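As the structure lists them, so they are numbered: ligands from 1, and atoms in each ligand from 1. All of these numbers come straight from a predicted model, not from anything done at the bench.
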Amino acid sequence: MPVTGGLVIPVGDLIGSPGKERLFSGSTPVRARLGDTTVDGPMTVSGRVVGMIDAVKAEFTASATARFVCTRCLTEWEAPVEAEAEQYFGHTPDEDGYAIVNQEVDVAGPARDELALGLPAVPLCREDCMGLCPTCGTDLNSEPCGGHGEDSDSPFAALKDLFDS
Ligand SMILES: [Zn+2]
Ligand SMILES: [Zn+2]
């Protein structure tokens with residue numbers, strides 16, 4: 001079972017040989033973005049390509065490092081992201097334009113797509129992040145902000161007086 005070293009994988013001998021497979025593992029630089037979450041660096045993809053009657057199927061895991069910005073407090077951090085997916089390649093391009101070309105398939109495109117799809121749309125630095133005060137911008141995770149919300153003309157102030165008395 002030969003292992004190839006890149007993300008363009010020869011499949012000529014797999015087409016028409018159902019069940020025959022080729023393992024692969026490789027890396028390529030990618031740029032992907034979802035909202036404020038970005039991936040800009042090497043993406044590693046490993047998996048296998050399996051022969052079918054008139055096509056091949058790639059099953060793979062893609063991983064990279066993503067840069068996140070917390071939706072609530074704007075803290076930035078980096079963390080690994082991973083996506084598992086499968087992609088069929090036929091002789092005619094699918095809706096994303098992926099196909100068998102010159103007896104080869106390129107899994108870099110599908111892997112990048114899956115990785116981008118798997119990025120969180122609303123990243124939070126932590127589940128209970130308290131975010132920034134909308135009035136003064138204080139990071140409420142590190143210090144409470146005194147001051148607002150207790151204005152005497154706020155409708156809640158009257159209620160609070162009720163409960164306090
Ligand atoms: Zn946060
Ligand atoms: Zn404040």
Side-chain angles (χ1 to χ4, degrees), residues 3-9 21-50 56-89 93-99 104-165:
V3 176
T4 65
L7 296 179
V8 177
I9 298 137
E21 65 178 37
R22 171 160 296 122
L23 299 181
F24 68 90
S25 181
S27 169
T28 188
V30 288
R31 297 189 115 175
R33 163 181 282 268
L34 185 81
D36 287 333
T37 305
T38 52
V39 175
D40 190 356
M43 168 182 71
T44 301
V45 188
S46 59
R48 58 195 186 138
V49 183
V50 185
V56 297
K57 177 177 74 166
E59 301 170 347
F60 58 83
T61 302
S63 55
T65 299
R67 181 154 196 83
F68 300 92
V69 180
C70 177
T71 305
R72 292 187 192 150
C73 73
L74 307 182
T75 295
E76 295 186 15
W77 75 98
E78 289 188 344
V81 287
E82 192 175 277
E84 241 179 82
E86 50 182 51
Q87 169 77 37
Y88 290 87
F89 293 90
D94 68 7
E95 56 194 4
D96 296 314
Y98 301 128
E104 291 177 331
V105 297
D106 186 349
V107 297
R112 184 199 53 228
D113 295 350
E114 293 296 335
L115 205 61
L117 278 176
L119 296 175
V122 184
L124 293 176
C125 64
R126 56 181 218 228
E127 198 83 2
D128 61 347
C129 171
M130 300 201 292
L132 305 178
C133 169
T135 304
C136 69
T138 299
D139 184 346
L140 300 176
N141 294 307
S142 47
E143 50 179 320
C145 118
H148 343 286
E150 304 211 345
D151 301 338
S152 54
D153 56 357
S154 137
F156 298 106
L159 269 180
K160 188 168 182 297
D161 286 343
L162 266 183
F163 288 122
D164 283 351
S165 59

At their closest point, which heavy atom of P110 faces which heavy atom of V107, and how far apart are they?
CD-O, 3.4 Å

Is it the case that D94 and Q87 place a side-chain donor and acceptor less than 3.5 Å from each other?
yes

Are the side chain of D106 and the backbone of A108 linked by a donor-acceptor contact shorter than 3.5 Å?
yes

Does any part of the side chain of F68, heavy atoms only, come nearer than 4.5 Å to the side chain of C125, both counted from C-beta?
no

The Zn ion (ligand 2): protein N, O or S atoms [distance under 2.8 Å]:
C133 SG, C136 SG, C145 SG, H148 NE2

Main-chain N/O of E21 paired with R48 side-chain donor or acceptor, under 3.5 Å
no

Approximate separation, where rounding is to 0.5 Å, of R33 CZ and T38 OG1
6.0 Å

